[in-house]
Amino acid sequence: MPQDVLQEILLRRGFLCPSYEVYGGVSGFYDYAPLGAMLKRNIENLWRRYFVVEEGFFEVDTPTIAPEQVFVASGHVENFADPVVSCRKCGTTYRADHLVQERLGLSSVSAEPEKLQELINEHGIKCNCGGELGEVARSSLMFSTGIGAGGRRRGYLRPETAQGMFILFPRLYAFYRKRLPFGVAQIGRAYRNEISPRQGLLRLREFTQAEAEIFVDPAEKAKHPRFAKYAGDRLRLLPRDGVEVVLSASEAVRRGVLPHEFLAYYLAHTQRFLLELGIPAERLRFRQHLRDEMAHYAEDCWDAEVKTERYGWVEVVGIADRTDYDLRAHERMSGAEMKAFRQFSEPVVRRELRLVPEMQTLGPEFRALAPKIAEKVRSLGERAAREFERTGRLEVEVGDERVVLTERHLRVEEVELRVTGEKFTPHVIEPSFGIDRILYAVLECALSEREGKRVLRLRPAIAPVKAAVFPLLAKEELEKLARSLFEELRRQGVVAVYDASDSIGRRYARVDEIGVPFAVTVDFESLENGTVTLRLRDTAEQLRVASREVPELIRSLCSGMSWQELRERLEAES
RNA sequence: GCGGGUGUGAUCUAGUCUGGUCAGGAUUGUGGCCUUCCAAGCCACCUGCCCGGGUUCAAAUCCCGGCACCCGCACCA
């Protein structure tokens, strides 16, 4: 099928359109039109079922704007900006580090604009056209803004939803009653000021992410508590070495293709989700990031990729082991503790020697310096205590002064230490979903053709409109019955459309094209015995059912019951 | 951001080189007639030369600038 067909349907039928169209458009932004918005919501809700309800995680909703420190800490300010330099004459823009590296034949150069500027000046590097180069500047991929009156405090629009959740760690840890592992999820917008966004929904400047952060004790990564559920799921894996393998999740861990059960579990979980969205298994694989392709925070990362007709293999999900990178970073920047506590199965009891300052003598002798000396002494470990026991003398530096302490000032004491556990920084496993990309992949996979007409085979659970109601002909009696059925469907929460114009075939074709899975037609027999026909979009097969059962049937069909089951049930009844 | 290409009703497209008599076709959509299950037929109708400037008696057509899209390069944590 020609690739533009999908594009054309999406535009004409109200799924998607370029944003700000009437003002000429702005690249990198798309509007979800009525059907697209509904489809997107349905995909997000299915994601919620998988990553919130089923996993026992909770969802949070954090702001899209954050003060500068957040992204300084996360490394985005440093790593998320490229040094660029432009020619004063022809205007060509270069990645400054790439240009310098190439011209000087170096294997790597600093990304610091100042350093690059020096090198350019020093070696008289010019543009390819011979023109002078301008100043080296940082071109950030983050949108910046000012917070408060006059925008005094610098802020950024978040380039990923994740940071909002990391920052919340101390609260979340308490909320989950200090037990690991626990997960938290968020669906929200993220912003990246792409230099040249292309490929429609695949690279947007404003996009929707669905991310889960699973905080786990690194010592327990090897075992996932529910791993058995997916142990047998077969995964198509393309590891770094480039040799594709198809293995069960448990086999992949056993052979070391996947590093631990936690990552394997979320690969399998993600696969189930994508399959349920209607992406066929043969168009799905997991590819491990190459070392140099990985984000600055990740230790390991596997992308779920979908084979699209139009763009080839497209990354739709990234499942990364972010280790303790983010929590440590925020702890450093903010000063807030981002650690969890691990209790030992048995307390460790240890006897230790310790130095105790004698304040009665230290005080009068050293005056203002005494408290500092005491603090310093208490901080010294067992080794210093043993040393003092042997020599009876200790020299310490306090501020700028050196003082000599003797047995008059200190005594050695033996204490019993009971250590019941230890603090550690949890690791984070992060499945991160690009909702817009998934939506595109779902649409492409759903598009098919029957007798020259387009049929969008969206799974009933995510189809924007679940049912269409038609009178066979535009006759008063038929319309009346059809309308009441239509009203009843909507009353029961089923999104439905009603159409009485044009021939019946045309109306079926119309709703096939927008992916309505079920159509109900009221005909003359309906007037006699209260039955209507229920038509399945994917095969055009029809079953005769009682009109009053229709809303309940459609609801069941949209939440798991198969057409086959319905047919068998009806056959058994008759 | 660079180079090349493109931009005509909701959608696809003819016309652009060679300025005027050019805004045409198809699909879709709307209203009606007809019609007993898969885009039937007939009638009527809505909707358009990407935006801005220039050249010219006259611009969809030529020139300049902008915007968007496509391809290649670069970028894509």
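Every chain is numbered from 1, with letters handed out A, B, ... down the list of sequences.
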I need the [atom1]-[atom2] distance between [X] and [N], as an integer number of Å.
X: A/K475; N: B/C37; atom1: NZ; atom2: P; result: 13 Å
X: A/L6; N: B/U11; atom1: CG; atom2: C1'; result: 14 Å
X: A/R510; N: B/C38; atom1: CZ; atom2: P; result: 16 Å
X: A/Q199; N: B/G72; atom1: CD; atom2: C1'; result: 13 Å
X: A/D502; N: B/G29; atom1: CG; atom2: P; result: 6 Å
X: A/W313; N: B/C76; atom1: CH2; atom2: P; result: 23 Å
X: A/Q7; N: B/C70; atom1: CD; atom2: C1'; result: 11 Å
X: A/F470; N: B/U36; atom1: CZ; atom2: C1'; result: 16 Å

Please tell me which of the listed nucleotides, [options], lies nearest to the side chain of [X]?
X: A/E194; options: B/U36, B/G3, B/C76; value: B/C76
X: A/L473; options: B/A68, B/C38, B/U36; value: B/U36
X: A/R203; options: B/C38, B/U11, B/C76; value: B/C76
X: A/F524; options: B/U11, B/G29, B/U36; value: B/U36
X: A/A474; options: B/U30, B/U28, B/U35; value: B/U35
X: A/R198; options: B/U30, B/C38, B/C71; value: B/C71

Determine the contact category for A/E513: base if any of its heavy atoms lies under 4.0 Å from a base atom, sugar-phosphate if only primed atoms, P, OP1 or OP2 are that close, otherwise nothing.
-> base
Which part of the nucleic acid, if any, lies within contact of A/S27, taking any heavy atom under 4.0 Å across all strands shown: a base, the sugar-phosphate backbone alone, or nothing?
-> sugar-phosphate
Return yes if the base of [N] and the side-chain atoms of [X] contain a donor-acceptor N/O pair under 3.5 Å, otherwise no.
X: A/E451; N: B/C38; answer: no
X: A/R12; N: B/C12; answer: no
X: A/Y508; N: B/C37; answer: yes
X: A/R535; N: B/C38; answer: yes

Taken in chain and number order and not counting sequence neighbours, the residues that satisfy side chain to side chain contact (heavy atoms under 4.5 Å, CB included) with A/N193 are A/F143, A/R205
Residues that A/R13 engages under side chain to side chain contact (heavy atoms under 4.5 Å, CB included), provided they are two or more places apart = A/I9, A/F15, A/R510, A/E513, A/I514
When rounded to the nearest Å, what value does the distance between [atom1] atoms of [N] and [M] take?
N: B/C50; M: B/G32; atom1: C1'; value: 36 Å
N: B/G7; M: B/G54; atom1: P; value: 24 Å
N: B/A10; M: B/C51; atom1: P; value: 12 Å
N: B/C73; M: B/A14; atom1: P; value: 28 Å
N: B/C49; M: B/G24; atom1: P; value: 13 Å
N: B/G41; M: B/U27; atom1: P; value: 9 Å
N: B/C63; M: B/G20; atom1: P; value: 15 Å
N: B/C12; M: B/C17; atom1: C1'; value: 24 Å

Between the protein and nucleotides 40-44 of chain B, which nitrogen or oxygen pairs come in under 3.5 angstrom?
residue: B/A40; atom: OP1; partner: A/R506; partner atom: NH1; Å: 3.4
residue: B/A40; atom: OP2; partner: A/S503; partner atom: OG; Å: 2.5

Specify the residue among A/T533 and A/E315 whose closest nucleotide of RNA chain B lies further upstream toward the 5′ end.
-> A/T533
Residue pair A/F29/A/E21 against RNA chain B: nearer the 5' end by closest nucleotide is A/E21
Can you sort out the partners of A/E477 under salt bridge (Lys or Arg N to Asp or Glu O under 4.0 Å), two or more places apart, ordered by chain and number?
-> none
When you measure from the centre of the six-membered ring of A/W313, is the NZ or CZ of A/R285 under 6.0 Å away and within 45° of the axis?
-> yes
Identify whether NZ of Lys or CZ of Arg in A/R192 sits under 6.0 Å from the centre of the six-membered ring of A/F207 and within 45° of that ring's axis.
-> no
So which of residues 156-165 of chain A are in contact with RNA chain B, with a heavy-atom cut-off of under 4.0 Å?
-> A/P159
Taking A/R454 for the side chain and A/A509 for the main chain, is one N or O donor matched with an acceptor at less than 3.5 Å?
-> no
Between the main-chain N or O of A/E194 and the side-chain N or O of A/R203, is there a donor-acceptor pair closer than 3.5 Å?
-> no
Evaluate the ring planes of A/F51 and A/W47, with Trp represented by its six-membered ring, and classify them as parallel (under 30°), tilted (30 to 60°) or perpendicular (over 60°).
-> parallel
Derivation and outcome, salt bridge (charged side-chain N to carboxylate O under 4.0 Å, His left out), residues A/E331 and A/R328 | CA-CA 5 Å; A/E331 181 170 284; A/R328 274 181 189 282; 5.9 Å; no
Does [N] have a Watson-Crick or wobble mate here (both distances under 3.5 Å), and if so which one?
N: B/A59; value: none
N: B/G19; value: none
N: B/C45; value: B/G29
N: B/C69; value: B/G5
N: B/C75; value: none
N: B/A40; value: none

Taking distance alone, no hydrogens or angles, what donor-acceptor pairs closer than 3.5 Å link side-chain atoms of residues 427-437 of chain A to residues at least two apart or in another chain?
residue: A/H427; atom: ND1; partner: A/K221; partner atom: NZ; Å: 2.7
residue: A/E430; atom: OE1; partner: A/R322; partner atom: NH1; Å: 3.2
residue: A/E430; atom: OE2; partner: A/R322; partner atom: NH1; Å: 2.8
residue: A/S432; atom: OG; partner: A/E211; partner atom: OE2; Å: 2.8
residue: A/D436; atom: OD1; partner: A/T208; partner atom: N; Å: 2.8
residue: A/D436; atom: OD2; partner: A/Y32; partner atom: OH; Å: 2.6
residue: A/R437; atom: NE; partner: A/L202; partner atom: O; Å: 2.7
residue: A/R437; atom: NH1; partner: A/E315; partner atom: O; Å: 2.9
residue: A/R437; atom: NH2; partner: A/L202; partner atom: O; Å: 2.7

A/L557 side, atom CG; A/E565 side, atom CD - distance, nearest 0.5 Å = 9.0 Å
Would A/R544 and A/T531 count as a side-chain hydrogen bond (donor to acceptor under 3.5 Å, both in side chains) if you check the C-alpha gap in whole Å, the side-chain angles of each, and the deciding distance to 0.1 Å?
-> CA-CA 6 Å; A/R544 202 143 194 112; A/T531 63; 2.7 Å; yes
Please check if atom CZ in A/F29 has more than 12 non-hydrogen atoms from other residues, nucleotides or ligands closer than 6.0 Å.
-> yes
